[in-house]
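Step one of this worksheet: look at the structure below.
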Amino acid sequence: MDHDEHHNPEDKCKKPCKVPDHVILSGGINNRYWVLDVEERPCQKTLTISCYKSLHPTETCLLKDGWEMTPVFRGDVVHLEGQSDGGSWLVDNQQGFLVLLPDTLISGTSVSSSIRCMRRAVLGDMFKSFDGGSKHMLNGTMVHEVFQRAATANDFSLEMLSKLADQCIQSRTHGTVLSTEADNMSFHECSPGNSRSLSRDQDSSAVITVTELADIEENVWSPRFGLKGKIDVTAQVQIQRPRNGSHRSPEQKTLPLELKTGRESNSIEHRSQVILYTLMSMERYNPEAGLLLYLKTGNLHPVVASHMDRRELLKLRNTLVHYIHNCVAKEAEQSCLSRLPDILTNRQTCQYCPQRTNCALYERAVESNSVGVSEDVVHDFLQQETGHLTPMHLSYFSKWLLLCCLEATTMEAKNGRRHVWLQTAAESEKNGSCMGNLQLIGPVNVQSEGVFLHRFQRGSSAPQQGLMNSGLASRDRIVISDQEGRLVGLATGYLCEVSRDSISCTLDRDLSKFSGLLFRLDADEGVVGLSTHFTNLSRLMENCQDSDRLRELVVDLRVPEFIDSLSSVLPREAKDTVAVILKGLNKPQRQAMKRVLLSKDYTLIVGMPGTGKTTTICTLVRILHACGFSVLLTSYTHSAVDNILLKLKRFRVGFLRLGQGQKVHPDILPYTEESIRKKGVHTLSQLQQLYNKELVVGTTCMGIKHPIFTRRRFDFCIIDEASQISQPICLGPLFYAKRFVLVGDHQQLPPIVQNKEARSRGMDESLFKRLELHSEAVVQLNVQYRMNRQIMSLSNSLMYEGRLECGSDRTASALLTLPFLHSVQSELKASLSPSNPVCFLDCSMVPAQESVEQGGVSNRTEADLIHKLLLLLIKAGCKPSDVGVIAPYRLQLKSISALLQASAFDGVEVNTVDRYQGRDKSLIILSFVRSTAEEGKLGELLKDWRRLNVAVTRAKHKLLMLGSAATLRRYAPVEKLLNHLQKENMISFKNILHL
DNA sequence: ACTCTGCGTAGAGGA
């Protein structure tokens, strides 16, 4: 197993030896060591390690007998199994394991698939294709399900099996049945007799009898071995070991049992899978073996793992995790994609590999320059898989792949699940991400298939502390483990209700058999991953019509085409309706509608702030609907999709909303698949009808994994907030439509990119922005109905060069109403006056000092001033719900909110600039926070023109700004704003100390 | 140098 010839060990040598904040180290059983140094000698490797963040004291670990091939480098985290002798560990043939990056859990199937081809396993982790799988796979899934259900019911009669098979087909969520012929399935494979009295043992004389079924589909996370998986059946067995003729009493054991419904291969892959399951369930019941059951023959193979088997599989896991974790490497200050394990030259193995296109793509796009002469077989293979792609296509692919890998690395570091097993419940509770010492109370209520309602209360041993201020809120995603950390990740689900002394949640598994145990419940950020990004990129490179066309438009930037006359697209019977709808629009909006109807490829609608984007999209959908066109309506967020659907609903335009009910607006719930299915969808044709009935389908860009897209295509795809969506995600829905419309405004906030290098190398460029160079496809909505004249002027001078216009005199001159302003006595009366719609209160002289903590930036004095201003404004008759308080920094919002606890302030909405995008309020108070003028200490957030543009365009009638003008001039965008304000006499230098 | 939304998973089997 020499997978590591290509790694350049110098990659990491330059890393400074400082442990990053997010890394958790520990000693003891669940140890986590930081690797300070790696010393290589022939046939051995010595690691200098420490389990303290101070990196002192250190220990050593000697790797030999093949372990020295482990791709472990400086700055890696490792877990060691075995013994240490006064701080020196030995891992060799006989003893010990080294688990590299143990907190990245690798699935059992990934490890076992790496036996054949490491490259395939690495690619498989990146590109999880969603083609729905093959007929054989579906068959296998269903047979598994039937067997598991029959085993649970302990009834393998033919009647039962056929009843269960029916149930199984009925309950298949998401109608996977659509893509296969359900009746072709063969259930005779798990006939009685074959499946229960499992009592043969071929290797030894011990007899194993399965006595009981402890669990099915048990979810196992093993941070000890860095593995995860789902165990088909957890079986209670009796082992009878005859020894020296004397009868010993049978032993009770719990073993993992792996079901296989296909051909009985007894292959290394299958057996390895079982060994991996025994490894990962070590903490749970210390199994000495596992079982492999082939349903086709009924044969049961016990799989006893030797130290060697375990050792070799863990080495494979280590190599795999190394490649996954190091997908990018730093080369001369710039990151680049790493080489993958070599391509196999065995055509036989590669022929049916699901990753073969990605395999070839990666080679051509990323690695091609670094290989010498590749063999003919490989060359032919590359040609066959990627011959249709130009160098431009390949470079688009590799560029975005790199950006996504960079971003994935950052996200992984930040949002891993490691705190669930490396931090005690008490420690995690301090961060507000956990509730510990929970006891299951009352019965578990089955809400629907796979949804179990649980209720917990604080255990008696817990300090009498309420659950209310835990930091967890209802609807949060959660993961349940036992308090001790032996059963990590027992179930996942959603928090329902949190009361003072109990909580309820829906889980994907019934935990009633664990009652008596103490649980902990952790917030689950989930393994976010960027698999949709990767899959979309891979898809863009496919050799098929849809992808070819999209590549032409997106990568080659082919000029979008338009037809000349509307008459050919508008059906005669729709003409009147469309005319009526158009009447309600302003000029640029009408222009936009026409452009879309005339487009053959795409249209970009630039919706400046307040120009009625939602209304425009709603109208567009109505028109397309009236013409009989089908529309796929999407955006990145659920709320953006629902905003449009809520409007559409009023015009009685029918639609289907895809997506999890949890995330959908309550008024849109009746339109979801979930709700409609509850009314009864039993047959294939009913399901087809459900999916095909409506012309309009709404979903998020991430929702494209839905099976509806295996069949359905749309005339148009509309993507709202497109300027905030990264290119690989925005591509997703476009595969399913003939033409598309992107709506957004690149002068507002771009897609969120966490990794700095990825951002600086262009990951925050949306598709909207990329395509904008084709001005013939762009229509601008520049007539706005939100801001009055003075507020609008800010944005016009900052960004739009005077192009933004007021839709009416009423809009232009609308003012805040403060009926009781006369009763307010204050130096600042003039600043508060509605007749001064824009006022910047300069706090330079107060002074208002910023404070930078690790959590963020805040400014206590500005917060105090806002509190005082609000008191005056509310006294003057301003409705709290008409006020929004905005700051760029979260920590500042926290300090403001803390001052607004009194009920008088109920309804005042305090939020970040970013969160306010797309929304408005009559009165906005904006806190700039920053007050330190040192050049090196300037923050990123205020350097962004787009963020400032969003900040100053949220107010309809009055905008009050607080900040230290002198400092803020250091930020180019704010300087431009201040210059304008100064010219317009909108800055107040009044000594606001008197407030 | 502080901005944060999307995602249900791990495995179903065939040459």
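Model, not experiment: these values are computed from the prediction. Per chain, numbering begins at 1; letters A, B, ... match sequence-line order.
- Dashed line: the shortest gap from a side-chain N or O of A:Ser134 to OP1 or OP2 of B:dA12 is not under 4.0 Å.
- Checking B:dG11, B:dC7, B:dG14 against every side-chain atom of A:Met702, the shortest atom distance belongs to B:dC7.
- For A:Met137, taking side-chain heavy atoms from C-beta onward, the closest of the listed nucleotides B:dG14, B:dA12, B:dT3 is B:dA12.
- Counting heavy atoms from C-beta outward, A:Glu412 and A:Thr104 have side chains that approach closer than 4.5 Å.
- At the phosphate of B:dG11, OP1 or OP2 sits under 4.0 Å from a side-chain N or O atom of A:Ser107.
- OP1 or OP2 of B:dG13 sits under 4.0 Å from a side-chain N or O of A:Thr261.
- Between A:Ser110 and A:Gly262, the one whose closest nucleotide on DNA chain B sits nearer the 5' end is A:Ser110.
- You'll find a donor-acceptor pair under 3.5 Å spanning the side chain of A:Tyr636 and the base of B:dG6, going by distance alone.
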For this session: Quick one: the dot-bracket string of DNA chain B, using Watson-Crick and G-U wobble pairs with both distances under 3.5 Å, [ ] for crossing pairs and | for bases paired to another strand.
Result: ...............

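- Distances from the side chain of A:Lys296 to the nucleotides B:dG14, B:dA12, B:dT5 place B:dG14 closest.
- Side-chain contact, A:Asp745 with A:Ser723: no donor N or O sits under 3.5 Å from an acceptor N or O.
- A salt bridge links A:Glu850 with A:Arg930: the closest approach of a Lys/Arg side-chain nitrogen to an acidic carboxylate oxygen falls below 4.0 angstrom.
- Of the candidates B:dC4, B:dA10, B:dG14, the closest approach to any side-chain atom of A:Arg120 belongs to B:dG14.
- In this structure, the CD atom of A:Gln273 is 14 Å from the P atom of B:dA10, given to the nearest Å.
- With no hydrogens or angles considered, a side-chain donor-acceptor pair links A:Asn755 and A:Thr410 at under 3.5 Å.
- Contacts of A:Arg930 with the nucleic acid, taken as non-hydrogen atoms under 4.0 Å apart, involve only primed sugar atoms and P, OP1 or OP2.
- Residue contacts shown for A:Gln917 are absent, as no nucleic acid heavy atom lies under 4.0 Å away.
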Exercise. Where do A:Ser766 and A:His746 land on the side chain to side chain donor-acceptor pair (under 3.5 Å) test, with the steps shown first?
Worked result: CA-CA 8 Å; A:Ser766 62; A:His746 78 256; over 6 Å; no

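- Proximity of A:Arg890 to the phosphate of B:dC4: a side-chain N or O atom is located under 4.0 Å from OP1 or OP2.
- Within the nucleic acid shown, A:Gln754 comes within 4.0 Å of at least one base atom, counting heavy atoms only.
- When rounded to the nearest whole Å, the span between CG of A:Leu530 and C1' of B:dG6 equals 10 Å.
- For CZ of A:Arg356, the number of neighbouring non-hydrogen atoms (other residues, nucleotides, ligands) closer than 6.0 Å is greater than 12.
- Candidate nucleotides B:dG6, B:dT3, B:dG14 were compared by shortest atom distance to the side chain of A:Thr637, and B:dG6 ranks first.
- By the neighbour-count criterion of 12 heavy atoms within 6.0 Å, atom CD of A:Gln348 is sparsely surrounded, having that number or fewer from other residues, nucleotides or ligands.
- Taking atom C1' on both nucleotides, B:dA12 is separated from B:dG8 by 16 Å, rounded to a whole Å.
- Of the candidate nucleotides B:dA10, B:dT3, B:dG13, B:dA10 has the atom nearest to the side chain of A:Lys230.
- Note on A:Tyr277: only backbone sugar-phosphate atoms sit closer than 4.0 angstrom, heavy atoms only; bases stay farther off.
- Distances were taken from every side-chain heavy atom of A:Tyr352 (C-beta onward) to each of B:dA15, B:dC2, B:dG13; the shortest belongs to B:dA15.
- Among the atoms of the strands shown, none is found under 4.0 Å from any heavy atom of A:Asn219.
- Within 3.5 Å, no donor on the side chain of A:Arg915 pairs with an acceptor on the base of B:dT3, nor the reverse.
- Taking only side-chain nitrogens and oxygens, A:His144 comes nearer than 4.0 Å to OP1 or OP2 of B:dA12.
- Residue A:Leu257 contributes atom CG, which lies 15 Å from atom P of B:dG11 at whole-angstrom precision.
- Ring planes of A:Trp221 and A:Trp421: perpendicular class, angle over 60° (limits at 30 and 60°).
- When each of B:dG6, B:dG13, B:dC2 is scored by its nearest atom to the side-chain atoms of A:Glu940, the top-ranked nucleotide is B:dC2.
- Side-chain atoms of A:Asn536 come within 3.5 Å of backbone N or O of A:Pro728 as a donor-acceptor pair.
- The shortest distance between the side-chain N/O atoms of A:His270 and the OP1/OP2 oxygens of B:dG13 is not below 4.0 Å.
- When distances are taken from the side chain of A:Lys756 to each of B:dT5, B:dG6, B:dA1, the shortest belongs to B:dA1.
- Under 4.0 angstrom from either OP1 or OP2 of B:dG14 there lies no side-chain N or O belonging to A:Lys135.
- You'll find that the side chain of A:Gln660 is closest to B:dG8, out of B:dG14, B:dG6, B:dG8.
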